[in-house]
Visitor: 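The structure is given below, and queries will be raised subsequently.
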Amino acid sequence: MQRLSLVVAGTFLCLLMLAAIGQAHAKLTIEVTGGAEGAQPIAIVPFGDVDGARPGVDVANVISADLTRSGRFRAMARREMLATPSRQEDVDFREWQLLGMNNLLIGEIRPAEGGGYDLSWRLFDVFSGDQLAARSLRSTERGLRHAAHRIADQVYETLTGERGVFATRLAYVTSRDRSVDSRVILRVSDSDGYNPQTIVDSAEPILSPAWSPDGKRLAYVSFENRQPSIYIQELATGRRQRVASYEGINGSPAFSPDGRRLAMTLSKDGSPDIYLMDLASGNLTQLTDHYAIDTEPAWSPDGRHLVFTSDRGGRPQIYRVAASGGPAERVTYEGEYNAAASYSPDGQYLVMVTRVGGRFRIALTDAQGGSRRLLSNGALDESPSFAPNGSMVIYASENNGRGVLSVTPIAGGAGQRLSQEVGEVREPAWSPFPR
Amino acid sequence: MSIRWQLSLSVLVLALTGCATPPPPPTAAPSADELDAMGSRPAPGIEATRERSPLDDPASPLYRKVVYFEYDAARIQPQYAGLLRAHADYIYNTPGAEVTLEGHSDERGTREYNLALGDRRSDAVKRFLMAEGVPEERIRTLSYGEERPADPGRTERAWSENRRVELVY
C-alpha cells in the first residue's frame, strides 16, 4: 500500500515537473531591442517586508523589469545601491544624487487582515526630495505580480504623463513549428510574458484572437470543426460559444467598442463580405456586398465606422464604411498592398500591413490614410495591434526564420522582441486596460 | 478585374483552345511524394468496388488533384482546364461521388486576407465544375488560407506550390 502510494506520488511529481517544464517553455521571453538613449535613471529599492510578511514575489524586481522594458527608464542594479531604505525617514537623498539617480521608489509589504498583503509605496524626486506620488493597495499572494505591474503603471504615468500598460495582457497563437502536424495553441499571458494561460489547444489552425472591450472574453477563429468558425470564450471560466459557423469562411472577428456587436467576415452568400452580429440576439446585418474580397473589419473607437480590406479596386486596399451601412470609401492610395488596418485608441491613426518592394511591413497613417510612416522593416511582418495607451504597436515578425512578436513605440526608441524558447509565436492582440 | 469576369474569360479561352487538346503540364507540378500522398486518400463511394479507382491510378488524368494559382489571384489558369474537366466528368458520372475543394494561399500578406483568397480560389474551381454540369450539392468548399502550406519553405518555389486548390474526394 505504502509502495503504491509512493508510485502514485512519484508519478504525480513527474507530471508536475513535466507541467512545470511545459510552462517554462511556454513563457514568452522579452528582450529590449535598439538603443535606450535618454532612458531616465531610477532606483527601485527592494520593498521592506514588515510584520513577518514573506511574499513569494520580488515586487521591486517586477517593477524594475517593467520600467526598463519600456525603454524610457534605466533601473539601477541592486548591488550598486549603498542603502535599501523602505521608509521615508531612512532616505538620504544626497546619496541617491551622487549615484546619478533622478527618481527613487521605496515601499513596504505587510500581511493584510484576512490573508494577502498590503503594499504601500512612495516615489520621490531625488534632487528636490519632493514626494511625487504615494499609494497603497491590497493584493492576494497570487495577485502579487499584477499588483507590481499596477505600481509600475502608476510610476510610469507619474513620470511620463502617459498611462502605463504593464498590467495589461497579450493574446497570441503558438505552435512548435510551421509544419501541418504541429499543435496550435491560443494563449494569454501578462504583458511581460509571465503567467501563460492556454485558452485553446488544437490540432487545427487557430487565428485572429480579438479582445472584448471589458477584457473578459476573446473571440477567435478555429478550424477544429473542419471549417473556420468563430468562437467567443470567457477567460475566467473557459466557457465558450460557437457564434458563426456558416458555409464558407467565418473570420476576422472584431468586438464593437460597446461590446454588443461582433463584426466578422462571412462568405456564406458567395464572396467574403463584412457582417455585424448582434451578440444578444445572434441577428446578422450585412454591411458590405461586393463580389470582391471584403475582410478584416476594425471599429473606430467611437463605434461609428469600420475600416476593412477590399480588393474591389484590383489590389487589397483599406476602405471605410459607416457602422449603420451605406457606401464604402477608399482610405489608402499609397502602395499596392494595404491590409489588416486598425485604429489607434484615440482614433487619430491607422496601423496596417503594407507591401514595400516585395516586403510586408507595418505602416502607420493618419485616419484618412495619409502621411504614411513605416514602423517595421521585416519581410513578413503582420497582425499589428495597438497597445491600449496608443504608444506602441505589437506585431508578428520573423527573427532568424522563427516567428516572434515585436513591439515598437510609435514615437521611436527602444523596442521589444517577445519569443518562446521553443516554437513559433504569431497573431498578437493587446488587451484593453484592466478594469 | 472581377473574379466572375476572369472566370468567364478563362472559360472562353478554354473553349477556344478546344477540349481534345491534352492539358499541358502544370507550371509548378507537385512533387512525387505529394502526389503519392494525395493519391492514397480513399474515395468514399468507390471503396466498395474491388477495382482500382481512377483517382488512384497514376495513368489516369484524375490522379492529379491540385490546381495552382498566380500570386494574389483566384483566376483558373488555362492549363488546368483539362484536369478540372476530367474531374467534373468523373463526379458527374459517378453516383455518390462528392468533392471538397480546399483553397490555400502562400504565406505572404495578412492571414485573414489569405483566408478570403483561399475561399475565392475554391469558389472559382467550384464554379468551373458547376459550369461543367456538376450539381452544387456534390461540392463542398473549404479555405485554409495560409495555415496549411504544402511546403513550409520560404522560397518562390514553395510559395507557388502553396497557392492551390486541392480536390479531396
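Small disclaimer: the values here were computed from a predicted structure and weren't measured. Below, chain A is the first sequence line, B the second, and so on; all start at residue 1.
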Visitor: Can you tell me which of B:Gly118, B:Gly103, B:Ser143, B:Ser122 forms the most heavy-atom pairs within a distance under 4.5 Å of chain A?
Guide: B:Ser143

Visitor: Checking heavy atoms, do the side chain of A:Glu427, its backbone, both or neither come under 4.5 Å from chain B?
Guide: side chain

Visitor: What part of B:Leu142 is in contact with chain A, defined as an atom under 4.5 angstrom from a non-hydrogen atom: side chain, backbone, both or neither?
Guide: side chain

Visitor: If I measure from the heavy atoms of chain B, does A:Leu380 come under 4.5 Å with its side chain, its backbone, both, or neither?
Guide: side chain

Visitor: I'd like to know which of A:Ala340, A:Ser252, A:Ser208 tops the heavy-atom pair count under 4.5 Å against chain B.
Guide: A:Ser252

Visitor: Establish, from distance only, whether the side-chain atoms of A:Ser300 and A:Arg320 form a donor-acceptor pair under 3.5 Å.
Guide: no

Visitor: Pick one: which of A:Thr288, A:Thr265, A:Asp311 meets side chain to side chain donor-acceptor pair (under 3.5 Å) with A:Thr295?
Guide: A:Thr265

Visitor: Centroid-to-centroid, B:Phe128 to B:His87, below 6.0 Å?
Guide: no

Visitor: Check this for me: does any side-chain nitrogen of one of B:Glu147 and B:Arg111 sit under 4.0 Å from a carboxylate oxygen of the other?
Guide: yes

Visitor: Which heavy atom of A:Leu262 sits nearest a heavy atom of A:Phe255, and at what distance?
Guide: CD1-N, 3.7 Å

Visitor: Parallel under 30°, tilted from 30 to 60°, perpendicular over 60°: which one fits the rings of B:Tyr144 and A:Phe223?
Guide: parallel

Visitor: Heavy-atom distances under 4.5 Å only: say whether A:Arg312 touches chain B with side chain, backbone, both or neither.
Guide: neither

Visitor: Select one option (side chain, backbone, both, neither) describing which atoms of A:Val221 are under 4.5 Å from chain B's heavy atoms.
Guide: side chain

Visitor: Heavy-atom pairs under 4.5 Å with chain B are the metric here; pick the option from A:Glu247, A:Arg315, A:His290 that has the most.
Guide: A:Arg315

Visitor: Taking all heavy atoms of A:Tyr343 and all of A:Val307, pick out the closest pair and write down the distance.
Guide: OH-CG1, 3.5 Å

Visitor: Do you know which of B:Arg108, B:Arg154, B:Glu107 has the most heavy-atom pairs under 4.5 Å to chain A?
Guide: B:Arg154

